[in-house]
Engineer: 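Before I ask anything, let me first share the structure, which is written out below as structure tokens.
Counting starts at 1 for both ligands and their atoms, following the listed order.
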Amino acid sequence: MAPKRIITFGSFDVFHIGHLRLLERARQLGDFLSVGVSTDALSRRKKGVYPVFPQDQRAAILAALRVVDHVFFEESLEQKRDYVLAERAQVLVMGDDWRGRFDHLADICEIVYLPRTPAISTTAVIEKIRV
Ligand code: CTP
């Protein structure tokens, strides 16, 4: 049987346990996990601030993980369809903070929203370090 290809996207800045759990659960849904890491410019547009760690470093951390098979840069949210097709992904996985946002791609892949790990986020970690 052909390997089942999974895709997910995110900034993955200040890598934390919520990121790891999301990637582990995504990888368990198939055989090959592609991760689209938001460029610095896209992260800035999404979140209003530049990430702490530049895109090359965020990508290097993701690529070193056992559960991640391929990393590429996501330049814009509008190109999600192109990325899903280019990666030949059958399943798009996102945390449920994105619930409903990618349902328009259901004609080309299955969409799975996974529950977020409670009580942790990049924003919360930065706040904790700051005080
Ligand atoms: N994620 C998760 N559980 C968390 C935090 C993030 O499952 N506690 C998931 C998100 O739903 C997303 C992926 O990890 O699918 C990347 O999320 P990202 O936005 O990069 O991380 P956050 O910690 O949510 O960052 P921020 O605080 O800047 O929003």
Engineer: Donor-acceptor pairs under 3.5 Å, side chain of residues 53-63 to any protein atom, not counting sequence neighbours: which ones?
Structural biologist:
residue : atom : partner : partner atom : Å
Gln55   : OE1  : Asp40   : N            : 2.8
Arg58   : NE   : Phe53   : O            : 2.7
Arg58   : NH1  : Ser11   : O            : 2.8
Arg58   : NH1  : Ser38   : O            : 2.9
Arg58   : NH2  : Ser38   : O            : 3.0
Arg58   : NH2  : Asp40   : OD1          : 2.6

Engineer: What protein heavy atom sits nearest atom 12 (C) of ligand 1, and how far off is it?
Structural biologist: Gly95 N, 4.2 Å
Engineer: If the threshold is 4.0 Å, N to carboxylate O, is there a salt bridge linking Glu24 and Arg27?
Structural biologist: no
Engineer: Under a 4.0 Å heavy-atom limit, does Leu22 contact ligand 1 with its side chain, its backbone, both, or neither?
Structural biologist: side chain
Engineer: Fit a plane to each ring of Phe9 and Tyr83, take the angle between them on a 0 to 90° scale, and name the class: parallel (under 30°), tilted (30 to 60°) or perpendicular (over 60°).
Structural biologist: tilted
Engineer: Please list all pairs meeting side chain to side chain donor-acceptor pair (under 3.5 Å) that have one or both residues in residues 103-121, counting only residues at least two apart or in different chains.
Structural biologist: Arg81-Asp107, Asp97-Arg116, Asp103-Tyr113
Engineer: Starting from atom 20 (O) of ligand 1, locate the nearest protein heavy atom and write down its residue, its atom name and how far away it is, to 0.1 Å.
Structural biologist: Phe12 N, 2.8 Å
Engineer: Any heavy-atom pair between the side chains of Pro115 and Arg25 that's under 4.5 Å?
Structural biologist: yes
Engineer: Would you please classify the geometry between the Phe12 ring and the His19 ring as parallel, tilted or perpendicular, with 30° and 60° separating the classes?
Structural biologist: perpendicular
Engineer: Got a donor-acceptor contact below 3.5 angstrom from the Asp69 side chain to the Leu33 backbone?
Structural biologist: yes
Engineer: Report the nearest protein non-hydrogen atom to atom 3 (N) of ligand 1: residue, atom name, distance rounded to 0.1 Å.
Structural biologist: Thr117 N, 3.1 Å
Engineer: With heavy-atom distances below 4.5 Å as the criterion, would you say the side chains of Thr8 and Met94 are in contact?
Structural biologist: yes
Engineer: Of all the non-hydrogen atoms in the protein, which one sits nearest to atom 27 (O) of ligand 1, and at what distance?
Structural biologist: Thr123 OG1, 2.5 Å
Engineer: Between Arg116, Met94, Arg58, flag the one that comes closest to atom 6 (C) of ligand 1 by a heavy atom.
Structural biologist: Arg116
Engineer: Tell me, which protein residue and heavy-atom name are nearest atom 21 (O) of ligand 1, and how many Å apart are they?
Structural biologist: His19 NE2, 2.9 Å
Engineer: Between Glu87 and His70, is any pair of side-chain heavy atoms under 4.5 Å apart?
Structural biologist: yes
Engineer: Please confirm whether His16 comes within less than 3.5 Å of ligand 1 when only nitrogen or oxygen atoms on both sides are compared.
Structural biologist: yes
Engineer: Do Ser11 and ligand 1 have an N or O pair less than 3.5 Å apart?
Structural biologist: yes
Engineer: What I want to know is whether Ile120 and ligand 1 share at least one N or O pair that is separated by under 3.5 angstrom.
Structural biologist: yes
Engineer: Counting heavy atoms only, which of Arg25, Arg99, Lys47 comes nearest to atom 29 (O) of ligand 1?
Structural biologist: Lys47
Engineer: Between ligand 1 and Asp96, is the shortest N or O to N or O distance under 3.5 Å?
Structural biologist: no
Engineer: To check your reading of the model: name the closest protein heavy atom to atom 11 (O) of ligand 1, its residue, and the distance in Å.
Structural biologist: Asp97 OD1, 2.6 Å
